[in-house]
Amino acid sequence: MRRKEMVAMLLAGGQGSRLGILTRNIAKPAVTFGGEYRIIDFPLSNCINSGVDTVGVLTQYQPLRLNQHIGIGIPWDLDKKNGGVTILAPHVKGGGEEGEWFMGTANAIYQNMDFMDSYNPEYVLILSGDHIYKMDYAQMLDFHKKKNAAATIAVLEVPMEEASRFGIMNTEGDDRIYEFEEKPKEPKSNLASMGIYIFTWSRLKEALVEDSKIHPDSDFGKHIIPRMLEEGQSLYAYRFHGYWKDVGTIESYWQANMDLIKPLPEFNLYEDFWKIYTNNDRQNPQYTAPGAVVKESLACEGSEIYGTVKHSIIGPGVVVKKGAVIEDSIIMADTAIEEDVKIYRTIIDENCAIGAGASIGVGEDIPNETKPKIYNTGITVIGTHSVVPAGVSVGKNCVIYGKTEIEDYPDGRLESGKTVMREVFER
């Protein structure tokens, strides 16, 4: 097998619990984004656009949809005999009867060292599967080589008042890192780690082996980076200037989607020189009926719009019937919105049915009673394959999952902050 200069390892096994019902049955990187994409499409597309043609995708939580989406990597030109994309799941080692779960970000890489060694790379690129951005990793590698670094960490300048929310890299004048602080109360700089690393493989391999003896839950931010700094190894910050979003919460996910439909979007999905690729079956053309209104929205192919859509994203195969009004919302693939439905500031997952005359996202802005830390910004979320009966009214910060009946809505209403969970009904 031909040696690869750099191999990418894409961490895609996270549950993404802060996305609530959206990740009940799928891993966070498999969540739909921008109508027809999935979150993992962005780092995968960055890899092939950067000339990185060997990618290991580390999965763990609910990997089925993710595995189906990636397949053998054809959409990203990663279906190669020497390299390409490989799904790496937790597995049994030696004569043991039980597999070993990935216990931390670095532990996941440690458990797959054989995969990297099979390509004998000089460098290893570590990526997260749950960020929205475009980045040329080749430029970052050039920086790493020029600095003769053991590790290079991509950083983004954030407002100083927000720096305490991030892992912060404190650097010298030449961007050499002398200190890493995880969510410091009084940050010394505003260089936030993006969770994107390039390591010289020989240095990383040594650190992984040694740290595994101490920390079974070995993590890059908590253990590997501090260890390398303590040893005096050369770590550098690579400054990224561009759009980057961690879509780890309901609000940030909703906002990143809304960013796509601005008149001059900061994040452009339509650039020819840096395309985002996805595994998406070709649909029929999108249809807008006479009398329909579509303003400042993205409507994917295969959708049919007979009503009114404003400042929203409509996924492929979605039908919006006459008299329906959708505003500030995300409607994912193959969902049916019946006549005279009103939907405001709501995320509706794939394959849902909303009955005629229903109103969703109306009323007071009261945090969700069951999970107030997740649903607290006025966004109502409806999970995949859910059914909302005709004529009901649903408040803000509500959660609906499954085939709900009129009996689930006292007096025909689900008050703000309430949750209804039923069995899923697959249409």
Side-chain angles (χ1 to χ4, degrees), residues 4-12 14 28-29 31 33-34 37-58 70 73 75-78 83 85 105 109 121-147 149 151-158 166-169 171 175 177 190-200 204 220-221 225 235-248 252-253 255-257 259-260 265-278:
K4 296 290 183 178
E5 180 182 33
M6 184 164 73
V7 170
M9 299 294 279
L10 205 167
L11 299 166
K28 180 178 171 182
V31 172
F33 182 84
Y37 302 96
R38 297 190 185 274
I39 296 172
I40 199 170
D41 291 337
F42 294 87
L44 283 177
S45 297
N46 287 339
C47 282
I48 202 64
N49 288 334
S50 301
V52 180
D53 65 0
T54 305
V55 184
V57 179
L58 285 73
I70 295 172
W76 305 274
D77 194 27
L78 288 170
V85 66
T105 56
I109 303 300
E122 192 169 352
Y123 308 102
V124 172
L125 170 66
I126 309 294
L127 303 171
S128 172
D130 50 12
H131 298 149
I132 304 298
Y133 66 108
K134 295 180 181 181
M135 184 176 182
D136 188 346
Y137 304 133
Q139 292 183 5
M140 185 175 172
L141 179 59
D142 287 343
F143 176 89
H144 180 87
K145 291 177 180 178
K146 288 176 182 177
K147 296 294 186 180
T152 297
I153 300 166
V155 297
L156 188 71
E157 293 186 19
V158 298
F166 298 90
I168 296 296
M169 301 293 163
T171 62
D175 284 330
I177 300 167
N190 64 340
L191 297 180
S193 171
M194 298 168 63
I196 300 169
Y197 316 106
I198 291 179
F199 290 92
T200 298
L204 175 59
F220 283 107
I225 293 172
L235 276 66
Y236 283 85
Y238 175 77
R239 296 174 186 253
F240 175 72
H241 302 284
Y243 184 95
W244 178 86
K245 271 285 175 70
D246 180 350
V247 288
S252 63
Y253 172 80
Q255 186 59 61
N257 274 272
D259 285 346
L260 299 176
E266 185 181 352
F267 188 69
N268 189 349
L269 287 175
Y270 307 106
E271 294 172 325
D272 286 336
F273 88 100
W274 200 273
K275 290 184 178 180
I276 301 299
Y277 303 94
T278 188

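For the single chain, residues carry numbers from 1 onward in sequence order. All of these numbers come straight from a predicted model, not from anything done at the bench.
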Mind checking side chain to side chain contact (heavy atoms under 4.5 Å, CB included) for Ser45 and listing every partner two or more places apart, or none if nothing turns up? Asn49, Trp76, Ile276, Tyr277
Does Asp246 offer a backbone N or O that forms a donor-acceptor pair with the side chain of Ser252 under 3.5 Å? yes
Among Val85, Leu44, Leu58, whose side-chain contact (heavy atoms from CB on, under 4.5 Å) with Leu10 holds? Leu44
Please give me the minimum heavy-atom distance between Ala192 and Ile168, naming the atom from each residue. CA-CD1, 3.9 Å
For Phe166, does its backbone N or O pair with a side-chain atom of Ser193 as donor and acceptor, under 3.5 Å? no
Does Lys28 reach the main-chain N or O of Ile39 with its side chain, forming a donor-acceptor pair under 3.5 Å? no
Is there a donor-acceptor pair closer than 3.5 Å between any side-chain N or O of Asn190 and the backbone N or O of Val158? yes
Is Thr152 reaching over with its side chain to a backbone N or O of Tyr238, donor-acceptor style, under 3.5 angstrom? no
Matching residue for Phe33 among Phe42, Phe267, Tyr133 - test: ring pair (Phe, Tyr, Trp, His ring centres under 6.0 Å): Phe42
Step through the shown structure and confirm whether more than 12 heavy atoms of other residues, nucleotides or ligands are within 6.0 Å of NZ on Lys275. no
Verdict with reasoning, Tyr123 to Tyr137, per ring pair (Phe, Tyr, Trp, His ring centres under 6.0 Å): CA-CA 12 Å; Tyr123 308 102; Tyr137 304 133; over 10 Å; no
What's the verdict on side-chain contact (heavy atoms from CB on, under 4.5 Å) for Asp136 and Trp274, showing C-alpha distance, side-chain angles and the deciding distance? CA-CA 9 Å; Asp136 188 346; Trp274 200 273; 3.7 Å; yes
Smallest heavy-atom separation, Met135 atom then Ala154 atom, equals CE-CB, 3.9 Å
